[in-house]
Amino acid sequence: MTSTYVPLESTKFATNHQREWAKGLQAQITSGAKYAFVNADTPHELFHYMDVPLVTNQWWSAIIAAKQLSEYYFDYMETLGFHDRLARYSSLPLIAELEGDRERQPWGGLPKPSILCARQSADDHQKIFSLWAERTGAPLFLLSSPAVPDPHPEWWRLARSDWESFYGSDRLDLMVAEFEALVEELEKLTGRPFDHDGFARYMEAINEQERIFEEASEILASAPRSPIRISEQIPNVMIPQWHRGSEWALSHARRFRDELAERVRAGSAVVENERIRMMWIGAGLWFDTSFYSAFEESHGAVFAWSMYLPFAADGYIREIKGDPLRALAARVSAMNEQLHQPPWVNSWLVEQAKKYRIDVALMLIPEHDRFSGHGSLFAKKALEEAGVRVIEVWSDMVDKRQWNRDEMVARVSAVLDAVLAEKGV
Amino acid sequence: MPQPSPFESRRAAGSRLEHAFEARDRNQPAASLPRIGIFGNGFPETLVAAAGGVPVHLSMGQLSEKTAIDEIIEPFVDEEVRIFLNRLMNGEFADFLGIVFARDDAPALVAYQYACEWVRQGRAPAAVPPMFLWNLVHATTPAVERFNAIQAEKLFDFLNRIGLNRPDDQAIAEAAAAEGRRRKALERLGASGVSGTVAMRWRNAGRFMTAGEHADLLDAALGEIEGGARGGLRIGVIGSPLLSPASYELFEGFGTIVCDWQPWGAVWPGPGNDKLTLPEILRATAADPSCPRIAPTTAFRTALLDAVTEARCELVLCQLAPTDDTIGWEIPAIASALGERGIAFVNLGFREPDQDTWHERAAALISAKLEARK
Ligand code: SF4
Ligand code: SF4
């Protein structure tokens with residue numbers, strides 16, 4: 001059982017690669033290379049393809065948090081006059097920048113970016129990025145984000161090839177025009193022209209990578225018992241996703257998929273006597289990852305699902321159709337809306353819960369990041385109607401300062417006890 | 001029959017405005033035209049008027065009774081959305097031909113999405129009218145202009161489908177002319193010397209009637225009075241949408257509100273409303289700096305600072321809805337810019353559910369600031 005769990009080889013490869021890559025990026029940036037500072041839901045593909053080093057807001061935020069600096073900056077944020085209900089994790093890098101003491105920051109601080117980029121999906125993204133632009137004088141490139149007025153619930157079925165009508169030609173035209181303007185900026189920045197054919201090949205490589213992840217997800221969903229923990233699922237998907245389309249990323253996706261297949265073939269399982277399958281809805285619990293395995297021994301309960309792996313396929317595979325920029329627009333134009341807005345989020349979670357044979361869902365509901373919190377209760381209701389028990393976990397409970405592991409274990413255990421009783425165990 | 005004296009007709013017009021403000025979307029406009037619901041700022045009402053409807057705002061009502069939809073509304077959703085959704089599912093808007101939601105007004109998008117989903121799931125009563133998302137993007141690039149023009153076409157298709165006319169150039173110009181009269185009347189209102197509290201009520205009364213009726217009532221209510229600055233400290237109000245006369249009265253205990261620059265203040269009607277052609281209406285609406293989603297983003301703060309400076313404010317009060325996640329990002333920069341201009345600034349923080357508690361705190365904060373400035 002728990003004690004005999006053997007981590008994947010792939011995980012080591014992934015984290016090593018990420019460490020090396022981060023070192024390389026640090027060396028590049030601190031030695032004065034031009035780089036972009038961008039939000040998570042922007043078209044990273046364009047920056048990667050144009051070889052513009054990229055620092056992502058959410059990733060840099062995690063690096064700051066890993067240095068145990070969040071609390072210091074949250075306090076500082078209040079002394080500046082920002083109220084305590086504003087989004088925190090997406091603004092940590094900004095606050096560090098405003099605070100200004102570079103020595104305190106990882107890497108001795110970030111130099112001024114050559115370009116900033118955000119999509120106006122959440123209402124506060126543009127505010128956060130424009131404060132950054134004001135502070136550093138770096139130019140800000142904003143991508144607009146009109147909504148999809150008639151969202152078909154089964155986005156994961158339609159968005160791969162029927163994306164033109166699914167996302168709407170007017171929205172795609174607008175996004176492509178904005179991409180073209182962004183590409184022009186990047187051409188100026190790098191002094192290199194954008195090669196459309198090469199970009200099409202790069203986009204094909206990304207689709208290929210995501211199809212490998214889709215196979216990996218099928219393996220996990222159909223395995224009689226869960227062969228790995230989600231704490232391993234997450235890095236093996238997220239890291240190659242940062243580097244999507246690169247040779248390393250594709251070969252890593254294959255390595256991961258093959259290792260999973262091998263485990264299933266060998267009949268290995270996280271829990272020998274698996275009785276309950278759970279899904280973890282929301283961002284990771286980065287400061288207490290062992291919580292993910294807390295119910296394996298006591299209840300034979302395993303977290304079998306986290307969004308990152310299945311989203312790699314559903315959120316990214318977009319048929320190129322001879323127009324790679326438009327296919328990229330289809331990927332980006334409602335990227336995180338699909339995870340956070342009804343009917344998309346509720347329909348998808350139910351589909352995934354059925355596919356993964358889920359009994360219980362732990363649903364993180366962020367209160368001070370409304371964009372990511374909307375639709376949570378729609379999703380909860382839909383899951384319950386599909387026979388899944390849902391445990392709501394509001395964000396203050398997963399705030400590191402207020403995290404009470406014992407209390408949370410007790411809450412979850414009570415639900416798991418009930419499920420076992422129902423199953424006659 | 002004896003003619004009413006000018007004084008009486010002035011009084012009658014004033015009380016019509018007061019009544020419309022109190023009744024909100026239940027107000028009966030003088031014109032018996034089909035009513036179209038509007039949720040959010042950022043939609044040029046002119047276009048509904050040009051199609052032969054009365055635009056009526058639905059985000060300012062009171063909660064009568066909760067319905068089943070309440071269970072899926074998270075606590076961080078804006079209060080006006082919760083009230084609207086419950087009322088909608090209670091069948092309270094059955095007499096509206098359709099409802100238009102302004103995407104760039106944050107609460108409106110959520111209201112639209114939650115309402116549509118409840119309908120899609122078959123949980124809504126039949127009395128829910130057809131709904132339309134007004135997707136206008138607040139920017140001024142050529143690509144955005146093309147996009148916004150398409151949104152106007154989609155709007156016209158929608159209005160046509162629910163039984164109104166497809167607005168032609170002449171109908172648009174006529175509706176814009178009525179908006180122009182309203183704009184002039186509102187300018188007079190601002191200069192008339194009535195209190196900021198009355199101005200807020202009389203202005204917002206216009207959200208529940210035609211622009212023409214609003215202009216007529218304002219003109220009648222203001223009568224012959226010409227100007228007349230009110231004395232006292234010149235106050236500006238900024239922050240989240242605020243509609244409470246009691247809060248206004250409290251603020252005006254310290255002076256006069258001369259600049260009301262919050263979403264339910266003098267930023268409405270939007271700058272596109274009285275432009276005479278569709279392209280101009282769209283362009284001006286898209287450039288409305290009071291939209292928190294305007295690009296470039298600095299336009300919002302610049303316009304706010306210009307407004308309070310032009311109004312010669314001596315004190316600016318900022319108040320926030322408990323769900324704010326946007327204006328809060330502007331506060332430190334606004335505070336320091338006001339400081340540089342020598343304008344006093346008090347951040348009253350979040351409004352509290354208990355009005356007395358919040359008013360007590362607000363009064364104490366304002367007094368302390370004024371005391372310190374002596
Ligand atoms: S694919 Fe990965 S390694 Fe290559 S440039 Fe992009 S981030 Fe760097
Ligand atoms: S929570 Fe949602 S919006 Fe935030 S980074 Fe994750 S996917 Fe993007």
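The analysis underlying the following values was restricted to heavy atoms, covering all of them including side chains, and did not include hydrogens, waters or symmetry mates. A quick note: this is a predicted structure, and the numbers were derived from the prediction, not measured. Just so we're on the same page: letters track the sequence lines, and every chain starts at 1.
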Item to check | Contact leader toward chain A among Leu133(B), Val144(B), Val77(B), Thr323(B), where contacts are heavy-atom pairs under 4.5 Å | outcome: Thr323(B)
Checklist entry - Does Gly375(A) offer a backbone N or O that forms a donor-acceptor pair with the side chain of Tyr114(B) under 3.5 Å? => result yes
Checklist entry - Is chain A contacted by the side chain of Thr298(B), its backbone, both, or neither, given a heavy-atom distance below 4.5 Å? => result side chain
Item to check | Interatomic spacing from CE in Met131(B) to CG in Asp150(A) - rounded to 0.5 Å | outcome: 12.5 Å
Checklist entry - Can you check whether Thr297(B)'s main-chain N or O pairs, donor with acceptor, with Gln126(A)'s side chain at less than 3.5 Å? => result no
Next on the checklist: Looking at every non-hydrogen atom in both residues, tell me the closest pair between Ala295(B) and Leu142(A) and how far apart they are.
Outcome noted: CB-CD1, 4.1 Å
Item to check | Heavy-atom closest contact (Pro342(A) atom, Glu117(B) atom, distance) | outcome: CB-CG, 3.8 Å
Checklist entry - Any donor-acceptor pair under 3.5 Å linking the side chain of Asn135(B) with the backbone of Pro146(A)? => result no
Item to check | Heavy-atom contact with chain A under 4.5 Å, split by part of Ile334(B) | outcome: neither
Next on the checklist: So Leu377(A) and Ile73(B), do their side chains get closer than 4.5 Å, heavy atoms only?
Outcome noted: no
Checklist entry - Taking the side chain as C-beta and beyond, is there a heavy-atom pair between Trp329(B) and Leu131(A) under 4.5 Å? => result yes
Next on the checklist: Whether Asp170(A) and Arg146(B) form a salt bridge (side-chain N of Lys/Arg under 4.0 Å from carboxylate O of Asp/Glu) is what I want to check.
Outcome noted: no
Checklist entry - Is the closest side-chain heavy-atom distance between Pro75(B) and Glu367(A) below 4.5 Å? => result no
Item to check | Closest contact, heavy atoms only, Thr326(B) versus Leu86(A) | outcome: N-CD2, 4.3 Å
Next on the checklist: Can you tell whether the side chains of Arg370(A) and Asp78(B) come within less than 4.0 Å, N to carboxylate O?
Outcome noted: yes
Next on the checklist: Nearest 0.5 Å, please: how far is OG in Ser130(A) from CD1 in Ile294(B)?
Outcome noted: 12.0 Å
Checklist outcome for this item: Highest number of heavy-atom pairs under 4.5 Å with chain A among Ile331(B), Leu136(B), Val110(B), Asn347(B) belongs to Val110(B)
Next on the checklist: Looking at every heavy atom in both Ala147(A) and Leu109(B), which two are closest together, and how far apart are they?
Outcome noted: CB-CD1, 3.7 Å
Item to check | Contacting region of Ala106(B) [heavy-atom separation from chain A under 4.5 Å] | outcome: both
Checklist entry - Are any non-hydrogen side-chain atoms of Arg85(A) and Asp325(B) less than 4.5 angstrom apart? => result no
Item to check | Any donor-acceptor pair under 3.5 Å from Arg293(B) side chain to Gln120(A) backbone | outcome: yes
Next on the checklist: Using a strict threshold of under 4.0 Å (side-chain N to carboxylate O), is an ion pair present between Glu71(B) and Lys380(A)?
Outcome noted: no
Item to check | chain A contact via Tyr112(B) - which portion, at a heavy-atom distance below 4.5 Å | outcome: side chain
Checklist entry - Tell me, side chain or backbone of Asp105(B) under 4.5 Å from chain A's heavy atoms, or both, or neither? => result neither
Checklist entry - CD1 of Ile69(B) to CZ of Phe378(A): how many Å apart, nearest 0.5 Å? => result 5.0 Å
Checklist outcome for this item: Bottom line for Ser347(A): the part with an atom under 4.5 Å from chain B's heavy atoms is side chain
Item to check | Flag side-chain contact, heavy atom, 4.5 Å: Phe350(B) against Asp84(A) | outcome: yes
Checklist outcome for this item: Looking only at Ile327(B), Asp324(B), Asp104(B), the option with the highest number of non-hydrogen pairs under 4.5 Å against chain A is Asp324(B)
Checklist entry - Is the shortest side-chain N to carboxylate O distance from Lys381(A) to Glu74(B) below 4.0 Å? => result no
Item to check | Side chain / backbone / both / neither for Glu385(A) at chain B, heavy atoms under 4.5 Å | outcome: side chain
Next on the checklist: Does any backbone or side-chain atom of Ala133(A) lie under 4.5 Å from a heavy atom of chain B? Answer side chain, backbone, both or neither.
Outcome noted: neither
Checklist outcome for this item: For Arg120(B) and Pro153(A) the tightest heavy-atom approach is NH1-CG, 3.4 Å
Next on the checklist: With a 4.5 angstrom heavy-atom cut-off, is it the side chain or the backbone of Met77(A) that approaches chain B, or both, or neither?
Outcome noted: side chain
Next on the checklist: Is Thr141(B) close to chain A through its backbone or its side chain, or both, or neither, when contacts mean heavy atoms under 4.5 Å?
Outcome noted: neither
Checklist entry - Tell me, do Gln113(B) and Pro149(A) make a side-chain contact under 4.5 Å, heavy atoms counted? => result no
Item to check | Proximal component of Leu320(B), with respect to chain A [non-hydrogen, under 4.5 Å] | outcome: side chain
Item to check | Structural part of Pro322(B) lying under 4.5 Å from a heavy atom of chain A | outcome: both
Checklist entry - Who among Ala181(A), Pro151(A), Gly81(A), Ala379(A) has the most heavy-atom pairs with chain B under 4.5 Å? => result Gly81(A)
Checklist entry - Are the side chains of Phe76(B) and Pro366(A) in touch, meaning some heavy atoms are under 4.5 Å apart? => result no
Item to check | Engaged part of Asp173(A) at the chain B interface, taking heavy atoms whose separation is under 4.5 Å | outcome: neither
Checklist entry - How close do Gly328(B) and Phe82(A) get, heavy atom to heavy atom, and via which atoms? => result O-CD2, 3.6 Å
